[in-house]
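Step one of this worksheet: look at the structure below.
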Amino acid sequence: MRPTADLSTFDNSWYHPGKSGLTRLAWYFVNVLFFINPLNPFSGLKVRLLRMFGAHVGTGVVIKPAVNIKYPWMLTIGDHVWIGENVWIDNLTQVSLGDHTCISQGAMLLTGNHNYKRSSFDLMVGEIHLEAGAWIGAQCLVGPNVRVGSHAVLSAGSVTMKDLEPYQVYAGNPAAFVRERTIEPDSQTPAHLITTP
């Protein structure tokens, strides 16, 4: 007879989210009232609340309504980052969003997974890092232990469980290389901001 899953043996007692139960409870209600709640469009208030709960947040950050963030004290957001409607940042461990990154509507950053080879379905966690200028398209999924390289693009509806190289466009499930990303500077871009890969 083949072995079977036994979820009654699941034990994640080794995992500690880094704050007291009271802080986690307080964040739960703040998250529901001010982030997940689609009636709050004000990015400035959300940024202040994230900082109050230990997130490192840069300037010019835009956070759209209905965003779900697991633990702000394990979140780093750079300057001029855009986070779209219904984004889910399930950061059981560290997630960092580099300067000028964009996460489009309905995308999920999932730092947790389960070991399906174990009958106890053990929890596994891994960090996610989006480097400067990366774009995660609408309805994408980025899994644990993934680094998205500078200015890489994950096209809408795609899934990646592996690192993405800088200045490359990926699509599909699992995401595969499609083409190089070329950025054409507009006439308003100062010369010192124009970079090449």
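Counting from 1, the numbers follow the sequence of the chain as shown.
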### Message
Looking at Lys46 and Ile63, would you say the former's side chain and the latter's main chain have a donor-acceptor pair under 3.5 Å?
### Response
yes
### Those residues that, when tested against Asp79, pass side-chain contact (heavy atoms from CB on, under 4.5 Å) (two or more places apart)
Thr59, Asp99
### Message
So, using side-chain contact (heavy atoms from CB on, under 4.5 Å) as the criterion, who are the partners of His100 when residues are at least two apart?
### Response
His80
### Query
In terms of side-chain heavy atoms, does Ser104 have a donor or acceptor partner in Trp135 at a distance below 3.5 Å?
yes
### Query
So do Val67 and Trp88 actually touch side chain to side chain, heavy atoms under 4.5 Å?
no
### Query
Are any of the side-chain heavy atoms of Asp163 and Arg147 separated by less than 4.5 Å?
yes
#### Entry: Exercise: do Ser20 and Thr23 side chains pair donor with acceptor under 3.5 Å
yes
### Task
Assess whether atom CZ of Phe42 is packed by more than 12 heavy atoms of other residues, nucleotides or ligands within 6.0 Å.
no
#### Entry: Distance-only donor-acceptor check, side chains Glu127 and Thr111, under 3.5 Å
no
#### Entry: Aromatic ring proximity Phe34/Trp27, centre distance under 6.0 Å
no
## Note on the structure
Sorted by chain and residue number, the ring pair (Phe, Tyr, Trp, His ring centres under 6.0 Å) partners of Phe177 (sequence neighbours excluded) come out as none
### Query
Among side-chain atoms of Glu165 and Tyr167, is any donor-acceptor pair under 3.5 angstrom?
no
### Query
Quick one: does Asn91's side chain have a donor or acceptor within less than 3.5 Å of a partner on Tyr71's backbone?
yes
